[in-house]
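Whatever order the structure lists them in is the order used to number ligands and atoms, beginning at 1.
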Amino acid sequence: AVLVKDIYRNTEKYIDKTITISGWIRTLRSSKAFGFIEVNDGSFFKNIQVVFEENLENFKEISKFTIASAIVVEGTLVATPNAKQPFEIKATKVTLEADSDRDYPLQKKRHTFEYLRTIAHLRPRSNAFSAVFRVRSLTAYAIHKFFQERGFVYVHTPIITGSDCEGAGEMFRVSTLDLKNIPMNEDGNIDFSKDFFGKETNLTVSGQLEGEAYALAFRNIYTFGPTFRAENSNTARHASEFWMMEPEIAFADLNDNMDLAEDMLKYIISFVMENASEEIEFFNKFIDKGLLERLNNVVNSDFARITYTEAIEILEKADKKFEYPVKWGCDLQTEHERYITEEVYKKPVFVTDYPKDIKAFYMRINDDNKTVAAMDLLVPGVGELIGGSQREERLDVLESRLEELGLNKEDYWWYLDLRKYGGVKHAGYGLGFERAIMYLTGISNIRDVIPFPRTPKSAEF
Ligand code: 4AD
Ligand code: MG
């Protein structure tokens, strides 16, 4: 069988030829003498129209085929220059491969995204989700392509780890201990020596620490894999299981880091706009009317770069009432981030040099001793898309930082080792992959860009 994508891309090759396609029925309407079937074969976002006429021996049967049935169609591809679709197949044979019950929930009408979440196993068959998950796949490819073309080494960091990269304690524990009979120490703590790995372990929140080890061997690396956070925040931007892409570059500082992030994002956007133009057009029409213009702007303009201190000044001067009042030292809330990027700059903004007290232990302390060489990239519609920093490469400073935060030096022994043996300056960042997909599609809820999303109290599939 020919794939529908190939028919759309190389139409000339197939016009007036006899072809066979297979796919699923999206819609079917028929009259006494003829009928139309819209078929989607999975290879392409768009359907292909099939016309069948009463000269077919099973004409009556075909007329009764149900939505979602799988069929094989043989016929001639004819150009239809005056119709909505550029061509159609005039069927000479239509056979049923697998039928579908009449109670199929995705009948042709608009469904809400909330409803479609309850049928996560069927929603990839809808137009919107067919587009979302095609873009998701393509974006992953674009990421690999960007970094591989620049000679970065792809590192598979562990999913099960013994360290808490962000030091935020928001981890899912990995354990084989019997919950009904947990072994305890004399001091009243859980005896993890009896656990599977002989110590406390958890699902990774970030591959960064391991990524740093590899950057100090390969210079430029990236990780790309699932990460897990037991944050109990039920928002449209947080998932408990999400994918993160984390480059780490040696002999590099915060500016190099921002340059890389900006180049990467522009590359990904251009690549997706070029290779998923039908999908992006669909999003622009039905999901977010400003999408195309916004993406074009991002590709063609420089991102803004401001310090946290400047951001606070902007927010203090704003004539807008925020739910959370701002003052130097506070963490930026989504409302603040969105104000800066959506109302002030109207484009992506790097915010740098955050107070050390609101950032992770591994970030490099600036000369003022109050701020760290951190960067967050804020984008319209999403807020924080990227979080990164230059890393603290000075062993003594890092050790006193761990101490200051009450973290156990022994737990980080190998990480500290990296500073002892050629620990050159280095930097990196994490791109929230789902947030990138939201940004590229205009989809406003993270649950709608993950095939089977996991969020608090929700892991149905
Ligand atoms: O800012 P975060 O926490 O940074 C790190 O984890 C660093 N170790 C990255 C690094 O420097 N290598 O997370 C990075 C990004 C965020 O900017 C956000 O886009 C995304 O990951 N993110 C989430 N996405 C979905 N659901 C969540 N619960 C997320 N938490 C973070
Ligand atoms: Mg962050």
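- Protein residues having a heavy atom under 4.0 Å from any atom of ligand 1 are Cys165, Glu166, Ser206, Gln208, Arg229, Glu231, Arg237, His238, Ala239, Phe242, Met244, Glu246, Tyr362, Glu384, Leu385, Ile386, Gly387, Gly388, Arg391, Gly428, Tyr429, Gly430, Gly432, Arg435, Ile446, listed by chain and number.
- No option in Met245, Met244, Met258 other than Met245 meets the side chain to side chain contact (heavy atoms under 4.5 Å, CB included) test with Tyr429.
- Looking at Asn296, its side chain does come within 3.5 Å of a backbone N or O of Leu292 through a donor-acceptor pair.
- Cation-pi geometry between Arg125 and Tyr104 is not met: the NZ or CZ atom fails to fall both under 6.0 Å from the ring centre and inside 45° of the normal.
- Restricting Glu384 to its N, O or S atoms, the one at the least distance from the Mg ion (ligand 2) is OE2.
- We find that Arg305 and Glu262 are joined by a salt bridge, their nearest charged nitrogen and carboxylate oxygen being less than 4.0 Å apart.
- In this structure, Arg435 is not positioned above the aromatic face of Tyr439 in the sense of NZ or CZ being under 6.0 Å from the six-membered ring centre and within 45° of the axis.
- The side-chain hydrogen bond (donor to acceptor under 3.5 Å, both in side chains) with Lys359 is formed by just one residue from the set Asp376, Asp331, Thr371; it is Asp376.
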